[in-house]
Trainee: 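Okay, here's the structure, questions in a sec.
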Amino acid sequence: MRYFLVKRAILGFLVGIVVAWQATAAWAADAIVKLRIMENTDIHVHVLNYDYYRDREDDSFGFARTATLIRQARAQAANSLLIDNGDLIQGNPMGDYTARESTLVRGQVHPVFKAMNLLGYDAGNIGNHEFNYGLDYLDIALSGAKFPYVNANVYHPDGQRNYFTPYVILDRKLKDEAGGERAIKIGVIGFAPPQIMQWDKRYLEGKVVAKDIVETARRFVPEMRARGADLVLAVPHSGMGLARRQAMEENSTFLLSQVDGIDAILFGHFHLQFPSDQFKDIPGVNLARGTINGVAAVMPGFWGSHLGIVDFTLALGGTGKWRILEQASHLRVVFKTEDRRRIPMVESDPEVVAAVKEEHEATLAFVRKPVGKTTAPIFSYFSLVQDDRPCKS
Ligand code: MN
Ligand code: MG
């Protein structure tokens, strides 16, 4: 009996030591790291908060405003990454002026990149509107970016070789919560809607082919993991879409949330906001956390109206394996509406404004230029019904 008690006491003591040792080891090995991912999308050349059609300022958009949100959000985070999701170089008179009037040549920097290069981007994805002026112009425009652009689902006509760099694996050093430095590999993969082949047929036919977004992700995401990516960010220029799989979906974000190995989805194209009530009826969506089927996701509006933020809390275990402890997303907005009036939430970033001053003034001169004279008054009230009266010649 006494022997049994002694045995139990010794056993209890030993178990205690093991438990304490494990707890210490776990405490010593698990580094906690917070990482913020920021996204903008569908800027459409709205570098400034200026409406060139109405020839006046507008407080509801403008990358100069988003830039201020970016600087604020970055200052609040121990670690952050900044990603552009395309539809960047087309969409307002500054885009048309740069492409068609100013004859941007290699070596010159497109105004969107004069602005964005100031903010320290980590990667960008190519949207459908990037193809609107043809592949040569796209190449010249992208050559002005001081950060890599990716696309995984556009190929040379052989359908084998990627036309762009499909993904990047960024080597980063992150600060852990105890002040130490931890190396991490962050994979960033991009996608464009395969419908670019119809939308920009005249520029793309015979030069490239586009493939299915989901199939492309299933092929490349495991490859990125095999090449050491600890975290994989998917950047589809593609809307939410449906849960039911067809093929060659224009909008693949929901389906991408079900592809193994993707940790966050930074999406766009539809000019909507996620998380927001615009998506409240979709099963699998958690608006409070900003997740789709448990995967953090964000879609930050358009023309720089919002900044998308995904916040991760990560743990680095003793084995060198990263785990996600928490993920959530939210949006920050450049304006609010009060009594039907738009109130700016932030000032324009002065560096961004200065960077495109010349292009802004050239665009103003371009849009203010008279295009001709009419011999009779004309209006467009009935333009959807029938042609205006013919001009007398
Ligand atoms: Mn767009
Ligand atoms: Mg688009």
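Whatever order the structure lists ligands and atoms in, that order sets their numbers, starting from 1.
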Trainee: Need one value: angle at the Mg ion (ligand 2), His269 atom ND1 versus His237 atom NE2, rounded to 10 degrees.
Mentor: 90°

Trainee: Regarding Glu358 and Lys114, does a basic nitrogen lie under 4.0 Å from an acidic carboxylate oxygen?
Mentor: no

Trainee: Between the side chains of Asn132 and Asp200, does any donor sit under 3.5 Å from an acceptor?
Mentor: yes

Trainee: Are side-chain N/O atoms of Arg342 and Thr337 paired as donor and acceptor at under 3.5 Å?
Mentor: no

Trainee: Closer than 2.8 Å to the Mg ion (ligand 2), do we get an N, O or S atom from Asp87, backbone or side chain?
Mentor: yes

Trainee: Hey, could you give me the CG/CZ distance between Asp230 and Arg225, rounded to the nearest 0.5 Å?
Mentor: 7.5 Å

Trainee: If you consider just the N/O/S atoms, which atom of Asp87 is the closest one to the Mn ion (ligand 1)?
Mentor: OD2

Trainee: Between Tyr149 and Phe113, is the ring centroid distance below 6.0 Å?
Mentor: yes

Trainee: Got a sec: is His129 within less than 2.8 Å of the Mn ion (ligand 1) via an N/O/S atom?
Mentor: no

Trainee: Please confirm if an N, O or S atom belonging to His271, backbone or side chain, lies less than 2.8 Å from the Mn ion (ligand 1).
Mentor: yes

Trainee: As a test of reading the structure, name the N/O/S atom of Asp42 that is nearest the Mn ion (ligand 1).
Mentor: OD1

